[in-house]
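Hydrogens, waters and symmetry mates play no part in the numbers below; they use all other heavy atoms, side chains included.
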Amino acid sequence: MSKPPPPLTYADAGVDIDAGNALIDVIKPLAASTKRAGADTDLGGFGGNFDLKAAGFNDPVLVSGTDGVGTKLKVAIETGLHDTIGIDLVAMCVNDILAQGAEPLYFLDYFATGKLESAVATQVIAGIAEGCRQAGCALIGGETAEMPGMYAPGHYDLAGFATGAAERGRLLPRKDEISTNDRIVTLASSGPHANGYSLIRKIVEMSGLSWQAPAPFAKEKSLAEALLTPTRIYCDALLPSIRKGTIKGLAHITGGGVVENPPRMLPAGLAVDLDADNTPLPPVFDWLAKTGSLAPYEVQRTFNCGIGMMVVLADEDVPAFVAAMNALGLAPRVLNLVRQERP
């Protein structure tokens, strides 16, 4: 009689439980470094806990958001530069929550791959922890999924989930208070953030440049390093004014660019007077536009064009706000609101 085959293990199917457990041990101090009032960052339970009372809220409304980093992830995977993509993941979630007038409180991540490479996962999650520290929110949990056959070798996917809170009655935008007497202050982006990368990758391919070539718009960096500049997180800059109640509306400039995002915070009939002479394209966007022969409207609808956030303020609150943003290096520019009938 032939001998029966040896019993299968989960590792034989491509899932290494021991490697996953070892990664959790590495992640624990990263999560602990993000601890804030109200948060329990001890990993290993079935869920993460957060105490809103301990965080200082009296009558809070919760605001939640989820996002990924799109095909910017492909650039990180193809170049082996994994250390900042986690910052992007946090930023894309917490900046959205901030635009609702909420303070980001905690974050959870989802990391999925075909075969767990602990060194890569550690770099990614270290970036997530750094993003959480920048945002002032706690990394209280997540999921690392090893799924053989679902992803090409070396590939992984990311998703982020964030929750914030605002006291009842303090959510943004306050559309009924916004008028043409108010002003828009724009805050600089750090680059394309995490939007438009399918088009960016196509333009890089057209250019004939390798990811290792000097970036034509930032020669001190490689093209990959320049285009992997992480998304700017605006929590430290904007939360003080949100708490004071001086901000009437915020627009996070993401997919849809400077065309489709500002209307989301404005009452019907108002629009931003986006004067191209007052908001010149930063070098990275100028290079993308010229290399890809992009029409101006395509640039404006795809990219943030150097604007990460738009802020609505009463005219009298603008000088102090602009001074504070200049001190943070956010290159604020003041724009007007105008009447415009929407189709």
Side-chain angles (χ1 to χ4, degrees), residues 9-36 39-48 65-94 104 106-135 137-163 193-194 197 201 211 222 224-225 227-231 233:
T9 66
Y10 211 178
D12 292 327
V15 179
D16 190 336
I17 295 175
D18 292 333
N21 290 337
L23 180 62
I24 291 173
D25 290 337
V26 174
I27 293 170
K28 283 181 178 180
L30 295 174
S33 73
T34 70
K35 191 164 186 176
R36 55 154 292 158
D40 176 7
T41 56
D42 291 334
L43 303 182
F46 291 102
T66 183
D67 212 335
V69 295
T71 59
K72 188 173 187 177
L73 197 57
K74 288 276 288 181
V75 183
I77 291 168
E78 289 172 10
T79 61
L81 301 174
H82 307 284
D83 55 333
T84 60
I85 202 73
I87 300 174
D88 287 290
L89 184 67
V90 175
M92 297 304 289
C93 295
V94 299
Y106 60 84
F107 190 85
L108 299 98
D109 70 278
Y110 177 76
F111 179 98
T113 186
K115 180 174 176 55
L116 185 60
E117 298 180 27
S118 294
V120 171
T122 299
Q123 289 179 65
V124 172
I125 296 168
I128 292 171
E130 171 58 24
C132 287
R133 289 191 293 270
Q134 290 182 24
C137 67
L139 177 60
I140 65 170
E143 170 70 4
T144 301
E146 191 174 25
M147 299 187 289
M150 284 289 290
Y151 298 91
H155 285 223
Y156 59 90
D157 200 6
L158 291 175
F161 312 88
T163 297
H193 285 180
Y197 272 79
R201 288 167 47 243
W211 289 120
S222 71
E225 289 168 339
L227 288 173
L228 284 171
T229 299
T231 303
I233 293 173

Min side-chain heavy-atom separation Leu227-Trp211 under 4.5 Å
yes
Using modelled atom types only, decide if a donor and an acceptor are shared between the side chain of Thr84 and the backbone of Gly127 within a distance under 3.5 Å.
no
Would you name the heavy atoms of Leu81 and Ala224 that are closest together and state the gap between them?
CD1-CB, 4.0 Å
What's the spacing between Arg201 CZ and Lys72 NZ if we round to 0.5 Å?
13.0 Å
Under 3.5 Å, sequence neighbours excluded: what are the donor-acceptor pairs made by side chains of residues 139-150?
unit_1	atom_1	unit_2	atom_2	d
Glu146	OE1	Asp16	N	2.8
Glu146	OE2	Leu116	N	2.8

Just verifying a value: how many Å separate Cys132 SG and Phe107 CZ, rounded to the nearest 0.5 Å?
5.5 Å
Would you indicate whether the side-chain heavy atoms of Arg133 and Ser33 approach each other to under 4.5 Å?
yes
If I take atom CG from residue Leu108 and atom OG1 from residue Thr66, how far apart are they, to the nearest 0.5 angstrom?
10.0 Å
Shortest non-hydrogen contact from Cys93 toward Gly160:
SG-O, 3.5 Å
Least distance between heavy atoms, Ala135 atom then Val94 atom
CB-CG2, 4.0 Å
With respect to Val69, which candidate in Leu73, Asp67, Thr71 satisfies the side chain to side chain contact (heavy atoms under 4.5 Å, CB included) definition?
Leu73
Nearest 0.5 Å, what's the CG-NZ distance between Leu23 and Lys28?
11.5 Å
Looking at CG of Asp109 and CD1 of Ile27, how far apart are the two atoms once the value is rounded to the nearest 0.5 Å?
7.0 Å
Nearest heavy-atom neighbours spanning Leu228 and Asp88
O-OD2, 4.5 Å
N/O donor-acceptor pair under 3.5 Å between Glu225 side chain and Ser222 backbone
yes
Correct closest heavy-atom pair for Arg36 and Ala138 would be CG-CB, 3.8 Å
Students often mix this up, so state it plainly: with edges at 30° and 60°, are the rings of Tyr156 and Phe111 parallel, tilted or perpendicular?
parallel
Between atom CG of Leu158 and atom CG of Leu89, what is the distance when rounded to the nearest 0.5 Å?
5.5 Å
Does Tyr197 reach the side chain of Lys74, with side-chain heavy atoms less than 4.5 Å apart?
no
Minimum heavy-atom separation for Gly154 and Ile77, please, with both atom names.
O-CG2, 3.7 Å
Any sub-3.5 Å donor-acceptor pair from Ser118's side-chain atoms to Ala22's backbone N or O?
no
Is the side chain of Tyr110 donor-acceptor paired with the backbone N or O of Asp157 at a distance under 3.5 Å, no angle test?
no
